[in-house]
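See structure below.
What you see is a predicted model, and the numbers here were worked out from it, not measured in a lab. Order of the sequence lines sets the chain letters (A, B, ...), proteins ahead of strands, with each chain counted from 1.
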Number of protein chains: 2
Amino acid sequence: MKRPTIADIARRAGVSKGAVSYALNGQPGVSEATRQRIVAIAQEIGFNPNSAARALSGASARAVGLTLARPARILSIEPFFMGLISGFEAELAARSYALTLQVVATPEQEIEVYRRWWGERRIDGVIVTDLRENDVRIPVLQQLQLPAVVIGGPGDTGKIAQVWSDDAGAITETVRYLVALGHRRIARVGGLPDLLHTQTRTRAFEEVCTALGLNEAVTMPSDYTGEEGGRATRRLLIGADRPTAVIYDNDVMAVAGLAVAQEMGLAVPGDLSIVAWDDSPLCSLVHPPLTALSRDIAEYGAHAARELLAAIDGKQVSNVEAGTAHLTPRGSTAPPR
Amino acid sequence: MKRPTIADIARRAGVSKGAVSYALNGQPGVSEATRQRIVAIAQEIGFNPNSAARALSGASARAVGLTLARPARILSIEPFFMGLISGFEAELAARSYALTLQVVATPEQEIEVYRRWWGERRIDGVIVTDLRENDVRIPVLQQLQLPAVVIGGPGDTGKIAQVWSDDAGAITETVRYLVALGHRRIARVGGLPDLLHTQTRTRAFEEVCTALGLNEAVTMPSDYTGEEGGRATRRLLIGADRPTAVIYDNDVMAVAGLAVAQEMGLAVPGDLSIVAWDDSPLCSLVHPPLTALSRDIAEYGAHAARELLAAIDGKQVSNVEAGTAHLTPRGSTAPPR
DNA sequence: AGAATTTACTGAACCGGATAAGTTGTGGAG
DNA sequence: CTCCACAACTTATCCGGTTCAGTAAATTCT
C-alpha cells in the first residue's frame, strides 16, 4: 500500500510541498484557510509524516533509548523495570516519542549500543540506569554529547542530569521503625554491590545502626535474584545470633527470604520481621503481606522521561530528587518475641 | 560532535560516495583492496550509517514494534512480557534490529499505534499478542500490509503468521496428573476471558474433565492480577464442595491463591493442590514452591522474532507451534487428604 | 498615489544514504 | 591491432520531509 506523502497532499490542495509542511507544523507562512484545507486533506487520507525523512532533514528522531542491563531471568520477574517503562511511556507517548529498547549483558556492550544508536541518529537521548562508581558510561555519554538522564544516583555525572530518590533517608526511617518495635539485631540483604545506590544504602544502614547503638549492621551482598536472596537469608538465619529483622533491597529477594523462613519453621513476623524495598503487587500477594518501602516507580520513570525530554530540548536540567520511598507497614513486621 | 557520514569516508579514501556505499554493503563494484581500505577508515572514525537516511532511500527501518496492552500495575509484575522481550531481543540484536515499545490501553489505541508506526515508516513489522476472537487488529494489519506475527492463537489470522503453543495439550496433561493423584474436584482460575488462548484452555479443560468423568469443571474468570486471582480463589474455597486442586492461568494469580489458602488456614498441598501456568522464578520462590506448567518464554519470543524477520524478508511463513508447556511438579501438588 | 512593508505563497537546496546509469581503464579474443 | 567485455569506479537521481531565498499580490504608511 502506497503511503501518502506531503507531495500527495500538495497536489490535492493545489499548493507546493513547502506550504504543506508549514501548514502541518503550525509554522507561519500560510493563511488560516489554506492551513485548514491542508490539515483536512491530511486527516482524510491518513497522512503520517515519514519519520526517517523528518529525522534526516535535521529534525530529531523523536525516539529515546533504554537499555536493560540484567540477565533475562532477572528481568522477567523484577517488577522495577516494567514499572519504569510504564512511567516513561506515559510521558513519551504524550509527546509522541517512541521508546527503543535493548537488552545488554555488560556496561561495555551498553556503551556500544549508545554509540551505535547515536551514530545511526536512531534516538535523541537515553535513560541510564544502575549508576556505578566511576561509571564508564558517563565519559562516553559526555564525549558523544548524547542527551541523557541518569537514574540510580546520586553520584558524579558531571553535566548529565540525574533523577534520584533519597535511599539513605528511607533506610534510616526503616531501621528506626524496627528499633522502635524492639528489634536489636537487624540485618540486610543488599543488591548488586557495585551499584551506587546499593552503596548509599549500605553506608546509611551502617550509620543509623551505629547511631542507634546496635552492635552490628550486617549487609549480605546479593544480586536481586530470588535464589541469591534465599541463600543470603539462609546464611543469616543459621548463625548463633540470628537477626530478628531483615531488610531486603528488592521485593523478589524479600519474598524468597519469606519462603526460606517458613521452610525453616520460623514464624513471620513472630520470629522474623521482613521489610522489602520497592513495593510491588508481589508484596501484597504473599502471606503474610510484606511491609515494604513503597515508591511510585512509574511516576519516578515519568519524571525521568520529562527531564530527558527537557534535556533534548536543550534546556539546562539539574539533579532532582523524586519519589522517595516511604514505609508501608503490613503483616511481616512486628515486635520480636 | 559531528557524526561522520559516507561523504567523510569518501573524502578520506579519495573515492566517491557511491563507492563507499558499495564497499560497506558488500555490493560488487569495488575492488577488494579499495573495500578493505574503506572499511578500515569507517572503523577508524567510528562510522555508523544514519538509519534515517538508510530508511529513506527505500531500505527498511531495521526496527520492529511491540505494544504492551496491559495496565501498568499488571505489567510491572507479570513476568510473561519481560520474558518475551528478552527472547525477541536476542534475535533482533543479532540482526541489529531495534525494538520499539509502546504501552497501550485498548485494542483501538493499539491499532492507532500500528497505523502511525507504519505511516511514519518507523518499523518494518510488529509482534501482536493477546489474540482475540474476531480480532479487530487483524483486518487493519492486512489492509496496511504490515508484516506481523501473532502470538496467542491459534486462531483465524488469514495470511498473517502465528506462533502458538499447545495449551489444550498442556491443560489435559495437568488434569490427568491431578486425577491420577486422586483429585476429583478440580477448579480453574482463568485469564482474561476474551483472549483466544484463554478460551482454548477453558474448552480443553471442560473436555478433559468430562472425558475423565468429573462432574464439574468450574473456571472462574479473572484478569491475571493477583487481587482478582485471590478473590477468585476465595470464592472457590468458601463453597460447600470446595475443590481440592486449582489450576491458575498465570503464576501471579497462583501465588495470590496460595496466600489466600494459607490465610484461610488451608494447608498446601495437604488441603489444596495448586498448579501455576507459566513457570517464572516466582513459582520457586514461594513456600511451598509451586508445581507449574513450564515453557521457555524467551525461546517462544525468539521464535516469534525469527518468524517476523522472515516475514519482513518477504518469505512465506506458516503457523508454527512452539514452546508447548510441560508440567514441572513441585511442592504444591499432592494427593488430597 | 507611490513607496515600504507584510502576507502567502513557490521553487530549490539540503539532509545522508542507496542505486541506476554513465565513464573510464584493462585484458583477452579475434 | 582493433574491438569488445568487464571490472572499477564516478555521476546523478531519488527517498520525503524541512527550510531558506525569492516573488507576486495585498496591505499599510506617508
Length of the OH-P vector between B:Tyr22 and C:dA21, whole Å: 11 Å
Heavy-atom count around A:Glu133 CD within 6.0 Å, excluding the residue itself: above 12? no
Which residue lies toward the 5' end of DNA chain C, A:Glu32 or A:Arg121, if each is placed at its nearest nucleotide? A:Glu32
In terms of heavy-atom contacts, B:Pro107 and B:Val136 come closest through CB-CG2, 4.1 Å
Testing the 3.5 Å rule here: is there a donor-acceptor pair between the side chains of B:Ser165 and B:Arg295? yes
To the nearest 10°, give me the bend of the helix from C:dA1-D:dT30 to C:dG30-D:dC1, comparing the axes of its five terminal pairs at either end. 50°
Heavy atoms under 4.0 Å, any strand shown: does A:Ser31 hit a base, just sugar-phosphate, or nothing? sugar-phosphate
B:Arg12 to B:Glu44 - nearest heavy-atom pair and separation: NH2-OE2, 3.1 Å
Under 4.0 angstrom, heavy atoms only, what part of the nucleic acid is A:Thr5 near: base, sugar-phosphate, or nothing? sugar-phosphate
In terms of heavy-atom contacts, B:Asn48 and A:Glu120 come closest through CB-N, 3.9 Å
Remember a base hit wins even if backbone is also touched, and classify B:Ser16 as base, sugar-phosphate or nothing at under 4.0 Å, heavy atoms. base
Can you tell me if A:Asp156 has over 12 outside heavy atoms packed within less than 6.0 Å of its CG? no
d(B:Asp135 CG, B:Glu110 CD) to nearest 0.5 Å is 8.0 Å
Can you check whether A:Leu144's main-chain N or O pairs, donor with acceptor, with A:Trp118's side chain at less than 3.5 Å? yes
Considering residues, nucleotides and ligands other than A:Asp313, do more than 12 of their heavy atoms fall under 6.0 Å from its CG? yes
What one should report as the nearest heavy-atom pair of A:Arg62 and B:Arg122 is O-NH2, 3.1 Å
Quick one: label A:Val20 by what it contacts on the DNA or RNA (base, sugar-phosphate, nothing), any heavy atom closer than 4.0 Å. nothing
In whole angstrom, give the distance that lies between atom CZ of A:Arg122 and atom P of C:dG16. 17 Å
Measure the distance from CZ on B:Arg3 to P on C:dG16 and round it to the nearest whole Å. 9 Å
So, for B:Ile6 and B:Lys17, which heavy atoms are closest and what is the spacing to 0.1 Å? CD1-O, 4.0 Å
CD1 of A:Ile6 versus C1' of C:dC9: gap in Å, rounded? 15 Å
Which residues within residues 42-57 of chain B lie with some heavy atom under 4.0 Å of an atom in DNA chain C? B:Phe47, B:Pro49, B:Asn50, B:Ala53, B:Arg54, B:Leu56, B:Ser57
Going by modelled atom types, is there a donor-acceptor pair between the base of C:dG11 and the side chain of A:Lys17 at under 3.5 Å? no
Where does the chain A footprint on DNA chain D start and end, counting 5' to 3' with a 4.0 Å heavy-atom cut-off? D:dG16 to D:dC20
